[in-house]
Structures are given as C-alpha cells and as structure tokens.
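Small disclaimer: the values here were computed from a predicted structure and weren't measured.
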Amino acid sequence: MTALEQVPTTRVVMPAEVVLRPAPPQPAVFRFPAPDDPPPGAGRMLAIAIYSAGLGLCGVAVGLYAVVAVFSGAPVWYLPALAALTLLSVALVVAAFLAIHQRALPWVLLLAAAVPMAANVYLTML
C-alpha cells in the first residue's frame, strides 16, 4: 500500500437531530383527577365519603363541646391541642380523597385520620 492509495473506510452518517423521547411521567400520588382518568367506583367513593362524614360529625361534636368548655374555663392548652389534632385529621382526609385512584392508600390515610380524632374525643372526655 502506498501513500496515494485510498484505504477503504466506513462512514457513519448521523442525522442532524437525534430525537430522544422522554419516558412517560408517572402520575403523582396526591393529585386532582385528570379529565382522562377513569372515575373511581361508586361503592368506593360512597364508602370513603361515609367514613369521612363520620369523622366530620365526630369533629363537630368535639368542637361544640370545646366551645362550651372554653367559655366555662378550660385550660389554656385545651383549644390549641384540639385545633392541631383536628387540622391533622382533616389534612389526612383530604389526602385520602386526593389519592382515591390508589388501591390501599386512601384507607390507610382514613385510618390514620381516626387516630387524631380519637385523641380529640379523649381530650373532650377528660
């Protein structure tokens, strides 16, 4: 082979733009339903709504008793403790409704929401 002979080479031509498709995004756990989401089952929605209504009615009863207790001389810590526990319970119920498309997470969140509400009832009974 001399310097003037051409060496056979393979030329690879790349396209000017390489289009990479990103992986489809995973849906968030806590989100409002999108228009293309399938609706949750009617029985599931009814059960979650009834459980939440029970927690809400319990919260209303505790709140009414708290109003009477505050006007009749409750300790200083009583009202902030009830408020914090109630807000925690409400936040967990809201999270359960936002996670309604998950399989078991709404039920776990609703069970977790019952714990601060039970603590509210306990504080009320003291």
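- Placement of W107 and M117 within a single hydrophobic cluster is found when ILVMFWY residues are connected by side-chain heavy-atom separations under 4.5 Å, directly or transitively.
- In this structure, L111 and Y51 have side chains that are in contact, with non-hydrogen atoms separated by less than 4.5 Å.
- Within the 3.5 Å criterion, the main-chain N or O of V62 finds no donor-acceptor partner in the side chain of T124.
- Minimum heavy-atom separation, P116 to A112: CD-O, 2.9 Å.
- Taking all atoms of both residues into account, the shortest heavy-atom contact from L123 to Y78 is O-CE1, 3.6 Å.
- Taken together through direct or relayed side-chain contacts under 4.5 Å among Ile, Leu, Val, Met, Phe, Trp and Tyr, W77 and L85 form part of one hydrophobic cluster.
- The backbone N or O of H101 lies less than 3.5 Å from no partner atom in the side chain of R44, so there is not a single donor-acceptor pair.
- Proximity of a side-chain donor or acceptor of S52 to a complementary backbone N or O of I48 within less than 3.5 Å is detected.
- When the side chains of ILVMFWY residues are joined at heavy-atom separations under 4.5 Å, either directly or via intervening members, L88 and V94 end up in a single hydrophobic cluster.
- A99 and P106 get closest at one heavy-atom pair: O-CG, 3.1 Å.
- Of all the heavy atoms in S89 and A113, the pair that sits closest is OG-O, 2.9 Å.
- Within 6.0 Å of the OH atom in Y65, the count of heavy atoms belonging to other residues, nucleotides or ligands does not exceed 12.
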Going through the distances and angles, do L110 and V93 end up as a side chain to side chain contact (heavy atoms under 4.5 Å, CB included)? CA-CA 6 Å; L110 286 174; V93 169; 4.0 Å; yes
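- Both L82 and Y122 belong to a common hydrophobic cluster when Ile, Leu, Val, Met, Phe, Trp and Tyr are linked at side-chain heavy-atom distances under 4.5 angstrom.
- Annotation for V121 and C58: closest pair CG2-SG, 3.4 Å, computed over non-hydrogen atoms.
- Separating the CG atom in L109 from the CG atom in L92 is a distance of 6.0 Å, to the nearest 0.5 Å.
- Between M45 and I100, the shortest heavy-atom contact is SD-CD1, 3.2 Å.
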